[in-house]
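When a ligand or atom number is given, it counts from 1 through the structure's own listing order.
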Amino acid sequence: MNDIKVLASDRTRCSPEGSGVRRINRALQRVFLLTDAKHPQSLSLLKNTYPILYMTMSTTSTSLLGFVLLSIIYYRWVATRSRARLPPGPKRLPIIGSLLNTLPARMGLVPPNPKPLYERYLEIGKASNSDVIHIDVMGDHTVVLNSVKAATELLDHRSSNYSSRPAMPMVDDLMGWEWDLAHMPYSDRWRRHRKTFTHYFQPRAITEHHPFQRKSITELLQKLLALPDPDPVELEGYIQHHAGSIILRATYGIVSPKDQEYYVDLAHRAITPIIHAAPHGTYLVDYLPLLKYVPNWFPGADFKRKAKTWSKYSIDLKDQPWEKVQSEIAAGTALPSFVTRNLEGIDTASVSEQVIEEIKNCAGVAYLAGSDTSIALMRCAILALATHPEVQERAQKELDSVLGTGGSNGRLPDYADREDLPYLSAIISETLRYYPVTPLALPHACLEDDIYEGHYIPKGSTVIGNSWAILHDEKLYPDPMTYNPSRFLKRKTDSGKEIEPQPNPALYAFGFGRRICPGRWLALDTSWLVISSILATCTIQKALDSNGKEMEPLVEYERGLVE
Ligand code: HEM
C-alpha cells in the first residue's frame with residue numbers, strides 16, 4: 001500500500017520509539033448534486049401507498065415550481081444581458097449560462113473533472129488572458145479573482161462593497177448554521193460578532209494562551225514517545241486532539257481529557273458536512289434558493305433529507321459545550337476562557353438575550369473554526385518534512401544551535417525563541433503557501449454593481465479570491481511548484497547582493513479584506529509550537545515497507561473548503 005507513514009526517530013531531547021501520520025486525504029470535490037438515485041425509498045413508498053395523490057401532487061407541484069424557477073432564471077438573464085462587458089469565462093448559453101458544461105458530470109453521466117477547482121479557475125483565466133473570470137449558472141454570477149492585484153483591489157481597497165457573503169441556503173437555512181459569523185452577510189449583526197470574537201483572539205490577547213499551549217505540547221510529546229510502534233493513525237489522532245484541546249481550553253476552559261475527546265469528536269462530525277456542502281454551487285439550491293421550500297419527499301429533494309440529518313450537529317455544537325461551561329460557572333469551577341471573559345461583569349438576568357446569544361455564537365464559531373483548520377496545516381507541514389529531509393535537517397541544526405544539544409542539556413523550544421529560529425518560521429510560511437488549507441478562501445459577495453478594469457461585476461455576485469493561484473503565482477513566488485522555505489529568508493547572492501524575502505503568504509492564505517480570518521494568530525502560534533517541538537525531539541521519515549524500503553507518500557485531495 002502506498003500509505004504515508006512518517007516515522008520519528010531519536011533526537012537528543014528525548015527518544016521516541018516512533019510516530020507517524022496517516023495519509024493526507026484530499027478526495028475529489030463534487031460540484032453539486034442534481035438528482036439522487038441512491039435514496040429512492042421514500043419516493044417509492046409514496047408512489048405505492050398513494051398512487052393518485054402522488055401523481056397529482058408531483059405533476060402540479062413540478063409544473064408550478066418549474067414555472068417559478070424559469071421565470072427567476074429568465075429575469076436574472078434579462079437583468080444582466082444588456083449591461084457592460086462581463087469578465088471572460090466558460091462558454092455560456094442564453095438564460096442557462098454555463099449549466100450544460102457541468103451537467104453531465106453533475107448527473108453522474110461522466111466522471112467529474114479530476115482537477116481541483118482552483119486549478120481549473122486558473123486555467124480558464126489563462127485561456128482567456130484575464131486574471132478575473134466569470135461563471136454564470138442560470139443567472140447566478142460567480143467572479144473569480146486569480147491575481148493578487150485583482151484580489152487586493154476589490155476585496156481590500158473596495159472592501160465596503162465586497163465584504164458580504166453569498167446566501168448559503170443549503171448550509172445556513174437547511175443545515176442551521178446561520179448563527180456562524182463566517183456566513184453572516186455584511187451587517188451590524190456581523191460587526192458585533194466580529195468585534196466580540198477579534199477582541200479575544202487578537203495578537204496581544206493570545207499570549208494569554210501560551211501557558212496551556214506549553215502544557216499541552218508536553219502532553220503531546222509524551223504520547224508520541226510512548227508509542228510502541230510507528231503508528232500513523234495514532235499520530236493523526238494525537239495532533240487532532242492537541243489542536244482541539246487548545247481551542248476548547250481557550251474558548252470554554254474545558255480541560256478534562258475525556259471531555260476534550262468528546263468535544264473534538266463532535267466538532268469533527270459537525271464540520272465534515274459543512275466542508276462538503278459549503279463551496280458555492282455544491283447543491284442546486286445554492287443557485288436557486290427557492291428550492292429550499294420543496295417538500296422533503298419531492299423528487300430530487302435528497303439534499304433536504306441530508307440537511308435535516310446534518311442540522312442536528314449545528315445545535316449540539318453550539319449548545320453542549322455552552323451548557324457545560326454554564327454549569328461550571330454556577331458551581332464556581334469554571335476556568336478563565338473566552339466565555340467567562342465575555343460574561344464577566346454582565347448581569348445575565350438583566351442583559352438582553354441578544355448579547356448572550358452573540359457570546360454563545362462566537363464561542364461556537366471559535367470551537368468549530370479552530371478545530372480542523374490548524375490540524376490541516378500541521379499535517380501538511382509533517383508531510384512536507386517527510387518528503388524534504390534536507391529541510392528537516394537544516395531546521396534541526398537551527399534548533400540545536402539555539403536550544404543546545406545532548407540529552408538533558410537540550411530544552412524544548414518556546415515562543416521566546418521564535419525570532420532566533422527564522423528557518424522554522426519559514427517552514428510554516430512555506431507550508432501555508434505550498435499547501436494552502438483553504439485554497440479558495442471563503443466566498444465574498446458584492447453589494448452593488450461595480451466595474452473593474454472594464455469588466456462589469458453584477459450586484460450580488462459571489463466573489464472568490466483564488467488563494468491557491470496567488471500563492472503559486474511565479475511573479476510573486478519564483479519557482480512556485482518547489483517547496484523551499486528559504487524563499488522567506490533574507491539572503492545574499494554569490495555577488496553579495498541582498499535578496500528580500502518573498503511576500504508573507506499569511507497575507508493571502510487566510511482570506512482577504514474585512515473578512516480575513518480573525519483566528520490566524522492562534523492557528524500560527526499553535527502550529528509553530530507543534531512543528532518546532534516535534535522537530536526538536538523527533539526525526540520524521542517516510543515509512544518503510546516489509547523489505548525495509550521507503551514508501552512514497554500518497555497524497556490525495558479531499559475536496560471542500562478545507563483541503
Ligand atoms: C491554518 C488555519 C486557518 C486557516 C487557513 C483559516 C482560513 C480562513 C479563511 C480563508 C477565512 C475566510 C476569510 C475571507 O472571507 O476572506 C477564515 C475565516 C474565519 N476564520 Fe479562519 N482559518 C484558520 C484558523 C482559524 C482559527 C484557529 C479560528 C478560531 C480561533 C478561525 C476563525 C475564523 C472565523 C471566525 C472566520 C470568519 C470571519 C468572518 O467571516 O468575518 N480560523 N479563516
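- At least one N or O atom of Trp190 sits closer than 3.5 Å to an N or O atom of ligand 1.
- Between Pro518, Gly513, Ser159, it is Pro518 that holds the heavy atom closest to atom 19 (C) of ligand 1.
- Short contacts between ligand 1 and Arg194, defined as distances under 4.0 Å to a heavy atom of the residue, involve ligand atoms 38 (C), 39 (C), 41 (O).
- For the residues Thr251, Ile464, Leu181, Thr438, the heavy atom positioned nearest atom 7 (C) of ligand 1 is part of Thr438.
- Aromatic pair Tyr283/His276: ring centres closer than 6.0 Å.
- A salt bridge is defined here as a Lys NZ or Arg NE, NH1 or NH2 lying under 4.0 Å from an Asp or Glu carboxylate O, and Arg158 with Asp450 meets this definition.
- Under the 4.0 Å criterion applied to side-chain N and carboxylate O atoms, Lys215 and Glu219 are assigned as salt-bridge partners.
- Proximity to Ala182 (heavy-atom distance under 4.0 Å) selects the following atoms of ligand 1: 37 (C), 40 (O).
- Below 30°, between 30° and 60°, or above 60°: for Trp179 and Trp177 the angle between ring planes is between 30° and 60°, a tilted geometry.
- When only modelled atom types and interatomic distance are considered, Ser216 and Arg249 share no side-chain donor-acceptor pair under 3.5 Å.
- Residues Lys324 and Glu328 are paired through a salt bridge, judged by an N-O separation under 4.0 Å between the basic side chain and the carboxylate.
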>> With side chain to side chain donor-acceptor pair (under 3.5 Å) as the criterion, how do Tyr423 and Ser486 come out once you've worked through the C-alpha distance, each side chain's angles and the decisive distance to 0.1 Å?
In response: CA-CA 7 Å; Tyr423 193 68; Ser486 299; 4.5 Å; no
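- Salt bridge absent: Arg192 and Asp188 never bring a charged side-chain N and a carboxylate O closer than 4.0 Å.
- In terms of protein heavy-atom proximity, atom 6 (C) of ligand 1 is nearest to Phe510 CD2, 3.6 Å.
- Of all atoms in ligand 1, numbered sequentially from 1 with element shown, those under 4.0 Å from a heavy atom of Phe512 are 14 (C), 16 (O).
- A salt bridge is defined here as a Lys NZ or Arg NE, NH1 or NH2 lying under 4.0 Å from an Asp or Glu carboxylate O, and Glu123 with Lys126 fails to meet this definition.
- By the 3.5 Å distance cut-off applied to N or O atoms, Thr373 is not counted among the residues near ligand 1.
- Counting the atoms of ligand 1 from 1 in the order shown, those under 4.0 Å from a heavy atom of Val365 are 35 (C).
- Using a 4.0 Å cut-off between heavy atoms, Arg165 contacts ligand 1 through its side chain alone, with no backbone atom that close.
- Taking all heavy atoms of Ala151, Cys517, Gly511 into account, the minimum distance to atom 21 (Fe) of ligand 1 is reached by Cys517.
- The distance from ligand 1 to the heavy atoms of Val437 drops below 4.0 Å at these ligand atoms: 5 (C).
- Remark: aromatic rings of His209 and Phe338 are distant, center separation not under 6.0 Å.
- For atom 32 (C) of ligand 1, the closest heavy atom belonging to the protein is Ala369 CB, 3.4 Å.
- A salt bridge does not link Glu358 to Lys195: none of the charged side-chain nitrogens sits closer than 4.0 Å to a carboxylate oxygen.
- Under a cut-off of 6.0 angstrom, the local environment of CD in Glu419 is sparse, with at most 12 non-hydrogen atoms contributed by other residues, nucleotides or ligands.
- Residue contacts with ligand 1, taken as heavy atom pairs separated by less than 4.0 Å, do not involve Met184 at all.
- In Arg520, neither the side chain nor the backbone holds a heavy atom less than 4.0 Å from any atom of ligand 1.
- Those atoms of ligand 1 that come under 4.0 Å of a heavy atom in His444, given as number and element, are 14 (C), 15 (O), 16 (O).
- Ranking protein heavy atoms by distance to atom 28 (C) of ligand 1, first place goes to Gly519 CA, 3.6 Å.
- With hydrogens left out, the protein atom closest to atom 29 (C) of ligand 1 is Phe197 CZ, 3.7 Å, a heavy atom.
- Under a 4.0 Å N-O distance rule, the pair Asp172/Lys292 does not qualify as a salt bridge.
- Looking from atom 13 (C) of ligand 1 to the surrounding protein, the closest heavy atom is Arg515 O, 3.1 Å.
- Considering backbone and side-chain atoms alike, Arg514 places every N or O at 3.5 Å or more from each N or O of ligand 1.
- Distances below 4.0 Å separate heavy atoms of Ala441 from the following atoms of ligand 1: 10 (C).
- For the ligand labelled ligand 1, residue Ile247 lies inside the 4.0 Å heavy-atom shell.
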